[in-house]
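Quick notes on the structure that follows.
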Amino acid sequence: MTEGAGSHPDGFSRHFARAAGREFHYLRTGSGPVAVLLPAFPWSAGSLAPLAEALAGEFTVVVLDLPGCGNSHSLGGSPTLGDYAGGVAGNLGALGIDRCHLYGIETGAQVALEVAARHPERVARVVLDQLPLLEDSQRSELAERSCPRFDPSWDGAHIAAIWWWCREQSLFRPWYRPAAETRLDADEPPPAVLQRRAADVLRAGDGYGDGLRAAFAHSAAGSLGRLEVPWTLVTSPADPLTPPGGRNPAPGPHGTVIDLPPGPDRWSQLRALFDATGSADRSLQIPARTSAAGAIERGYLTTTSGQLLVRRTAGTGRPLVMLHASPTSSALLEPLMRELAGDRPVIALDTAGNGDSDPPPGDGPFDIGEFAAIVNEALDVLEVGELDLYGTHTGALIATDVALARPGIHRLILEGVTMFDDGDRPDLLPRAELLASYLPTFEPTWDGTHLLAAWHFRRAFTTYWPWFRRTRDGIRWVPMVELPAFHRGFVEVAKRLDTYHLPYRAALAYPTADRLPQVGVPTLIAAHPDDPLQAHSPEAAGLVPDGHWDALPDDITAVAALYEEFLTGP
């Protein structure tokens with residue numbers, strides 16, 4: 001997949017690659033010898049951003065999302081620690097890394113240890129930060145008790161439980177045994193960090209504990225004893241599970257054991273353990289990705305406004321570009337992408353500020369034209385010429401402005417178009433009321449109540465229209481959405497809880513009635529019968545010079561057939 005030059009605004013560029021048929025995700029920054037960092041399960045690569053920043057001045061730093069964590073595909077089944085080590089070794093090969101410095105923290109240190117033990121030719125030095133060296137009884141208990149299930153429930157109890165689990169990890173070790181002797185002597189992470197961790201657990205879903213169970217089922221002592229590469233074991237006197245001095249392994253000819261207490265200088269102290277003069281590769285040799293037939297592949301492209309995640313299927317002919325509804329992401333378009341793909345390529349973007357895409361730079365407020373300009377720049381990066389365009393809800397409005405600014409669009413599909421009252425249409429919802437009440441913000445709180453509030457905010461969308469008008473007049477008399485589907489959508493919201501409102505606010509302010517008459521391409525405006533925007537969609541279609549209206553069937557295959565007929569018909 002073509003990616004633009006440049007990097008993520010915070011100094012990292014984000015990438016996908018493929019190994020053994022699975023996609024994996026990684027962050028990259030810096031230059032120099034290659035240092036690969038492995039986070040603890042189930043956290044994502046962003047958890048090691050401070051160390052990556054400390055190393056970036058002298059190293060090319062790659063931070064991997066371990067399999068099943070962050071944005072990396074899982075291994076499936078019941079993987080062992082050896083399976084994870086094999087997966088990481090395969091990822092290194094896919095990135096063209098023959099030899100690197102390797103670092104892992106906590107359970108990520110166990111994976112790093114196994115990679116170094118099984119593939120010593122790939123590792124110049126390994127740094128094992130707070131490696132769990134546990135007795136058999138400890139490992140058995142941790143494997144059994146550390147990873148409770150978080151089954152979704154309509155009352156959001158699982159959201160509260162996930163937050164509790166993430167916070168207790170930073171207070172006690174093990175988390176389920178709160179006592180003075182298990183208390184961690186460290187600062188509690190700020191709410192924004194706990195929010196990212198909770199989002200990591202939500203991303204991983206039912207498999208969030210696979211890596212933890214694999215790590216706790218494996219004894220690290222044997223692998224440490226047979227290491228043939230230089231290694232450093234970093235212990236922390238503040239961690240109740242760190243072995244006391246008498247239980248630390250003998251360093252032997254290749255090893256060093258040091259204590260590093262927690263504190264603001266810890267990342268820079270860890271930096272001193274990496275040897276920039278070692279025999280590690282000095283660059284990545286990443287081969288071009290080949291598209292698998294029928295697969296939806298993910299990648300990032302870089303615009304002047306940051307990186308956008310793009311999902312794409314291979315094909316020939318005129319591509320179909322798809323823009324999702326706010327506040328979710330293009331992940332929810334995947335079923336329709338598969339139905340519509342056929343022989344054509346289908347491209348779906350996470351719009352700026354949603355899903356895994358960066359928000360627009362600046363403080364805003366932003367208008368739909370600015371989001372459309374980012375999409376148009378992304379399509380230029382992808383070298384998309386002639387195309388068909390689809391947008392749903394907020395994505396429909398962005399698609400409208402993309403069509404107004406971009407030549408080469410053959411057909412336009414707008415699903416769920418907004419029409420609001422500016423003082424002259426009492427039959428429409430008043431725009432001013434929506435702008436004032438529709439978009440609450442969810443600043444992270446230490447107790448996680450913001451995340452539970454976000455769950456119920458999204459839940460109210462399924463039962464009232466608008467969601468804040470919770471009276472008899474606001475009841476939505478429609479079939480209830482299924483809980484698994486609702487939960488999947490909430491996961492996408494939780495990724496960007498801090499910026500979800502930016503494109504949404506732009507949509508509420510959009511002058512739909514002024515823009516649609518300017519559209520100069522054949523346009524289908526459609527909506528499902530239970531969509532609250534359906535009532536005024538026929539009117540919206542009438543505003544487009546070559547506009548058409550159709551109600552959508554319930555079955556997704558029938559929806560795709562209706563869209564296909566419009567896209568390929570006369």
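Sequence positions, counted from 1, serve as the residue numbers for this chain.
Annotation: Trp164 is not in aromatic contact with Phe150 [ring centroid separation under 6.0 Å not met]. Checked against a 6.0 Å centroid threshold, the rings of Phe16 and Phe24 do not count as neighbours. Aromatic rings of Tyr176 and Phe172 (six-membered ring for Trp) have centroids beyond the 6.0 Å cut-off, not under it. You'll find the ring centres of His501 and Phe442 outside the 6.0 Å limit. A distance of 6.0 Å or more separates the ring centres of Tyr208 and Phe41. Residues Trp455 and His158 place their aromatic rings such that the two centres sit under 6.0 Å apart.
Judged by distance alone, the side chains of His218 and Glu114 do bring a donor and an acceptor atom under 3.5 Å apart. When only modelled atom types and interatomic distance are considered, Ser13 and His15 share a side-chain donor-acceptor pair under 3.5 Å. Using modelled atom types, one finds no donor on one side chain facing an acceptor on the other under 3.5 Å when comparing Arg177 with Thr182. No side-chain donor from either of Ser268 and Asp265 sits under 3.5 Å from a side-chain acceptor of the other. Donor-acceptor pairing under 3.5 Å is lacking for the side chains of Ser329 and Asn354. Using a 3.5 Å distance cut-off with no hydrogens or angles, the side chains of Arg125 and Thr232 do pair a donor with an acceptor. Glu492 and His324 form no side-chain donor-acceptor contact under 3.5 Å, judged by distance and modelled atom types alone. Of the N and O atoms on the side chains of Thr304 and Glu377, at least one donor lies less than 3.5 Å from an acceptor on the other residue.
No donor-acceptor distance shorter than 3.5 angstrom exists from the side chain of Arg496 to the backbone of Thr499, with no hydrogens or angles considered.
The line from CG of Leu38 to OH of Tyr84 is 13.0 Å long, rounded to the nearest 0.5 Å. Rounding to the nearest 0.5 angstrom, the gap separating the OG1 atom in Thr29 from the CZ atom in Phe59 is 13.0 Å. From Leu81, atom CG reaches atom OG of Ser223 across 7.5 Å, with rounding to the nearest 0.5 Å.
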Checklist line | Asp129/Arg266 under salt bridge (charged side-chain N to carboxylate O under 4.0 Å, His left out): CA gap, chis, key distance, verdict | finding: CA-CA 11 Å; Asp129 191 357; Arg266 196 171 193 277; 2.8 Å; yes

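When each of Asp356, Thr302, Asn71, Asp358 is tested with Arg14 by the rule side-chain hydrogen bond (donor to acceptor under 3.5 Å, both in side chains), just one qualifies, namely Asp358.
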